[in-house]
Structure formats: C-alpha cells, structure tokens
Visitor: 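So that we are looking at the same thing, I have put the structure below in structure tokens.
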Amino acid sequence: RVADLLARQGGTDPGRAGGWALGRGPVDMSRTTDGPALRPVQLHELDQLMAIETQAYPFPWSRGNFIDSIVAGYRLCKRIDGQGRWLGYYVAMAGVDETHLLNLTVAPPFEHRGHARAMLDELVAWSRNRAAARLWLEVRASNQRAQALYRRYGFAEVGLRRGYYPAGPLGRENAIVMSLDLQERGDALD
C-alpha cells in the first residue's frame with residue numbers, strides 16, 4: 001500500500017511536483033509563496049517531519065504512526081514559510097459529522113508566532129466544509145500551554161482519559177478531552 005501511495009504522490013523524488021492543493025487538485029509542490037502556506041505531507045518528507053516531532057516531544061509519535069495516518073487517508077498537512085521551511089504540521093481524522101485532531105505541532109524555533117492558531121483555522125474551515133459539527137482532541141494533562149491555546153480558541157473540556165499517554169518508565173499520563181462545536185461557533189470563526 002505504501003508503494004501505491006508513493007506512486008500516486010509522484011514517486012520519491014522530493015523535487016518532483018505531485019501534491020495537491022486544498023480542494024483544488026494537483027499543485028507544483030516545488031513552488032512556494034511569499035507567506036506561510038499549508039501543503040500535504042508526502043511520504044518522502046517524513047524525515048523532515050520526524051526531526052520536528054522528536055525535537056518537540058519527549059514521547060514523539062513513531063514514523064509508523066505517520067505512515068499509517070497517510071495510508072489511512074487522514075489529513076496530514078504541513079505549514080511552510082515562503083522559503084519552504086517547516087513551521088509545523090497537523091494530523092486529523094475525518095469521522096461521520098466530526099473531525100478528530102490527532103497531532104498539532106509547531107516546530108520549536110517557530111513557536112509563539114500564531115502558527116498553531118493558523119493551522120486550527122484551516123482545520124476548522126476544512127471540517128466545516130465537510131459539514132462536521134464537532135472537532136475533538138486529547139491533550140496531555142501536563143500541557144497547560146496547549147490547553148490554554150485550545151480554550152482561547154473556544155474548545156471546552158468535556159472529559160478525561162486516564163493513563164492515555166506514555167509518561168516515562170512504566171508511567172502513564174491522563175489526557176484532557178476537549179471539543180469545539182463547529183456549528184455554534186460558525187460565524188465567530190469566519
């Protein structure tokens with residue numbers, strides 16, 4: 001399945017065009033814009049993604065987690081600047097009438113510059129375009145900074161998953177479950 005996906009994405013040559021633009025079909029991935037842009041993550045770019053993931057988290061996702069996400073058809077997008085530098089990325093899974101944000105990461109050198117908010121804005125727009133009513137996520141109980149971002153954005157805490165995340169030798173950490181009602185906040189997010 002991975003080989004089929006690589007063939008559909010234009011092979012393994014990183015310089016070759018073969019991506020897609022949000023809702024507009026194929027696009028030349030070698031071109032950049034003046035400002036930040038969102039692009040799909042290709043399999044051949046996983047080294048760049050993993051470099052950020054391992055720098056950002058003490059318990060990063062594995063390469064296999066990202067490959068599985070791509071193969072499963074999850075939305076895996078990177079935010080890049082005009083020079084093609086990775087600013088961050090997110091992974092989201094579409095469900096029936098909802099979207100689940102699985103991973104939202106800003107590259108550590110580019111934190112506190114609005115990139116997480118911009119990626120959330122795009123994900124909300126994409127979710128609303130699919131007629132999703134709700135956006136879900138889990139966040140580590142210890143990650144107060146991310147929780148504050150999500151609360152400012154309008155997410156509400158709706159539950160707790162005990163022992164959800166790994167937390168060191170044989171330890172586990174709780175996850176705070178948060179949700180954003182996309183229908184109720186539709187006008188506010190436009």
Side-chain angles (χ1 to χ4, degrees), residues 1-22 26-27 29 37-80 84-96 98-111 115-116 119-120 122-123 126-127 130 132 135-143 145-147 149-150 159-178:
R1 296 181 71 184
V2 172
D4 293 339
L5 187 59
L6 272 172
R8 285 196 307 273
Q9 290 183 344
T12 58
D13 180 1
R16 182 174 171 184
W20 49 262
L22 303 175
V27 66
M29 296 295 287
L38 205 67
R39 300 283 186 260
V41 174
Q42 306 290 315
L43 279 173
H44 68 266
E45 298 174 308
L46 287 183
D47 287 343
Q48 292 166 281
L49 184 147
M50 290 305 300
I52 296 168
E53 181 77 5
T54 57
Q55 183 182 18
Y57 301 113
F59 302 98
W61 275 26
S62 71
R63 181 183 208 83
N65 292 137
F66 289 105
I67 291 171
D68 290 347
S69 295
I70 292 171
V71 170
Y74 295 171
R75 187 168 182 78
L76 179 50
C77 295
K78 63 185 176 189
R79 182 169 167 85
I80 57 171
R85 290 180 299 190
W86 286 50
L87 305 171
Y89 52 87
Y90 74 81
V91 182
M93 176 179 67
V96 177
E98 63 185 27
T99 302
H100 194 125
L101 177 60
L102 303 173
N103 186 324
L104 175 69
T105 303
V106 174
F110 301 104
E111 291 176 339
H115 299 301
M119 288 187 285
L120 281 172
E122 192 283 331
L123 178 59
W126 177 80
S127 297
R130 307 181 33 261
L135 178 56
W136 297 91
L137 62 84
E138 290 90 13
V139 59
R140 283 182 181 271
S142 63
N143 193 343
R145 196 170 77 200
Q147 290 175 48
L149 166 74
Y150 296 133
L160 180 73
R161 296 187 196 276
R162 296 193 185 282
Y164 188 76
Y165 291 109
L170 305 177
R172 303 294 295 177
E173 182 176 358
N174 294 340
I176 305 296
V177 180
M178 301 184 87

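Here, residue 1 is the first one in the sequence, and each next residue gets the next number.
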Visitor: Okay, side chain of Q147, backbone of A141: is any donor-acceptor separation there less than 3.5 Å?
Guide: yes

Visitor: Please report the interatomic distance CG(L76) to CG(L43), rounded to the nearest 0.5 Å.
Guide: 9.0 Å

Visitor: Is any side-chain heavy atom of I176 less than 4.5 Å from a side-chain heavy atom of N143?
Guide: no

Visitor: Return the minimal non-hydrogen interatomic distance between A146 and V139, and the atom names on each side.
Guide: CB-CG2, 3.7 Å

Visitor: Quick check: closest heavy atoms across V177 and L160, and the distance to 0.1 Å?
Guide: CG2-N, 4.2 Å

Visitor: Less than 4.5 Å apart, side chain to side chain, heavy atoms only: is that true for L87 and M119?
Guide: no

Visitor: With side-chain contact (heavy atoms from CB on, under 4.5 Å) as the criterion, how do K78 and Q48 come out once you've worked through the C-alpha distance, each side chain's angles and the decisive distance to 0.1 Å?
Guide: CA-CA 10 Å; K78 63 185 176 189; Q48 292 166 281; 5.9 Å; no

Visitor: Do L104 and Y150 have side chains that get closer than 4.5 Å, going by heavy atoms?
Guide: yes

Visitor: Within this structure, what is the CG-CD1 distance for the pair L49 and I70, rounded to the nearest 0.5 Å?
Guide: 8.0 Å

Visitor: Determine the minimum heavy-atom distance between T99 and A92, stating which atoms define it.
Guide: CG2-CB, 3.9 Å

Visitor: Do Y165 and E138 have a side chain donor and acceptor closer than 3.5 Å?
Guide: no

Visitor: For a quick test of reading the model, state the closest non-hydrogen atom pair linking P108 to A56 and the distance between them.
Guide: CG-CA, 4.0 Å

Visitor: Quick check for you: to the nearest 0.5 Å, what is the distance between M93 atom CE and E98 atom CD?
Guide: 7.5 Å

Visitor: For the atom pair CH2 (W61) and CD1 (I67), what is the distance rounded to the nearest 0.5 Å?
Guide: 12.5 Å

Visitor: What is the distance from atom NE2 of H115 to atom OG1 of T105, rounded to the nearest 0.5 Å?
Guide: 13.5 Å

Visitor: With a 4.5 Å cut-off on side-chain heavy atoms, are D47 and E45 touching?
Guide: no

Visitor: Heavy atoms, side chains only, cut-off 4.5 Å: are N103 and F66 in contact?
Guide: yes

Visitor: Roughly how far, to the nearest 0.5 Å, is CZ of R75 from CZ of R130?
Guide: 10.0 Å

Visitor: W126 versus L38: any side-chain heavy-atom pair under 4.5 Å?
Guide: no

Visitor: Would you say R79 and Y90 are linked by a side-chain donor-acceptor pair, where the criterion is simply a distance under 3.5 Å?
Guide: no

Visitor: Would you say the side-chain atoms of D68 pair up with the backbone N or O of N65, donor to acceptor, closer than 3.5 Å?
Guide: no

Visitor: Do the side chains of I52 and F110 get nearer than 4.5 Å, heavy atoms only?
Guide: no

Visitor: Does some side-chain heavy atom of F59 sit less than 4.5 Å from a side-chain heavy atom of R140?
Guide: yes

